[in-house]
Amino acid sequence: MNLIFLGAPGSGKGTQAARISEWLNIPTLSTGDMLRGHIRQGTELGRQAKEHIDAGRLVPDELVVSMLKERLALPDMQNGLILDGFPRTLQQAEELDTFLQIDHVIHLEVPDEAIVWRMAGRRVCPDCGATYHTSWTGFSENCQKCGAKLITRNDDKPETVLNRISVYHKQTAPLIDFYKKQGKLVTIECDAKGTPEHISALIKKALQ
Ligand code: ADP
């Protein structure tokens with residue numbers, strides 16, 4: 001099964017993709033994580049992507065599409081996967097249709113106010129990529145998986161967050177209609193109080 005997780009920045013795509021990926025026993029591919037990997041390794045793609053990411057803009061389609069295509073060609077991606085954060089523009093979605101058959105698109109619908117709150121409290125592990133929120137019970141400044149000191153992503157700073165939300169509405173939200181027309185859209189309403197467990201249960205039910 002090939003799934004897409006679609007939603008605004010901070011909608012919980014990454015968290016839910018990880019949970020559903022474990023449940024279905026298929027890998028997740030996050031274009032955001034891949035791009036941050038390139039930045040850490042200092043590749044040419046990382047250098048080009050960094051200025052866009054730090055400004056809260058999207059990385060140009062051709063760079064992201066060729067990075068994804070290369071990754072999908074590897075053998076571990078042949079038996080189903082979850083795409084987290086891709087596609088993010090109509091052009092990416094149209095290109096994706098030429099090389100991967102998608103079964104369902106899980107759209108996590110979150111009000112903008114909740115997004116700002118979520119991203120202000122988001123902390124990530126710079127070493128293993130795990131994500132936390134400062135409001136979680138038991139929150140510690142160190143990663144619970146590998147112990148590294150957690151950081152706030154550069155693009156989670158408040159001024160950049162507002163820009164990312166506006167980019168989402170302009171460039172990514174049109175995909176909701178695109179996939180609705182294809183009959184693949186599953187919308188999950190995530191109100192501010194929905195715990196990650198509750199949202200996962202809704203997604204599992206929708207997929208069964
Ligand atoms: P979030 O879901 O919180 O926005 P991501 O880790 O998915 O975070 O993405 C971080 C940044 O990486 C985006 O703001 C964008 O600049 C870049 N990026 C990730 N995926 C794509 C994509 N499919 N197309 C263009 N840019 C992307």
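If you read the sequence from its start, that first residue is 1, and numbering goes on from there. Numbering of ligands and ligand atoms starts at 1, following listing order.
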Identity and separation of the nearest protein heavy atom to [atom]:
atom                    : answer
atom 13 (C) of ligand 1 : Arg88 NH2, 4.0 Å
atom 17 (C) of ligand 1 : Leu35 CD1, 3.7 Å
atom 2 (O) of ligand 1  : Lys13 NZ, 2.7 Å
atom 24 (N) of ligand 1 : Gln92 NE2, 2.9 Å
atom 4 (O) of ligand 1  : Arg164 NH2, 2.6 Å

TODO: List in chain and number order the residues that pass ring-ring contact (aromatic ring centres under 6.0 Å, His included) with His133, two or more places apart in sequence or in another chain; answer none if no residue qualifies.
DONE: Trp117
- [ ] For ligand 1, indicate whether the residue Val64 contacts it via side chain, backbone, both or neither (heavy-atom separation under 4.0 Å).
- [x] side chain
- [ ] May I ask you to identify, for Asp61, whether its side chain, its backbone, both or neither come under 4.0 Å of ligand 1 on a heavy-atom basis?
- [x] neither
TODO: Give the numbers and elements of all ligand 1 atoms closer than 4.0 Å to a heavy atom of Gly10.
DONE: 3 (O)
- [ ] Find all atoms of ligand 1 within a distance of less than 4.0 Å from any non-hydrogen atom belonging to Arg57, and give their numbers and elements.
- [x] 15 (C), 16 (O)
Task: Whether Met119 lies under 4.0 Å from ligand 1, heavy atom - done: no
TODO: Check whether more than 12 heavy atoms from other residues, nucleotides or ligands sit under 6.0 Å from atom CD of Glu70, and answer yes or no.
DONE: no
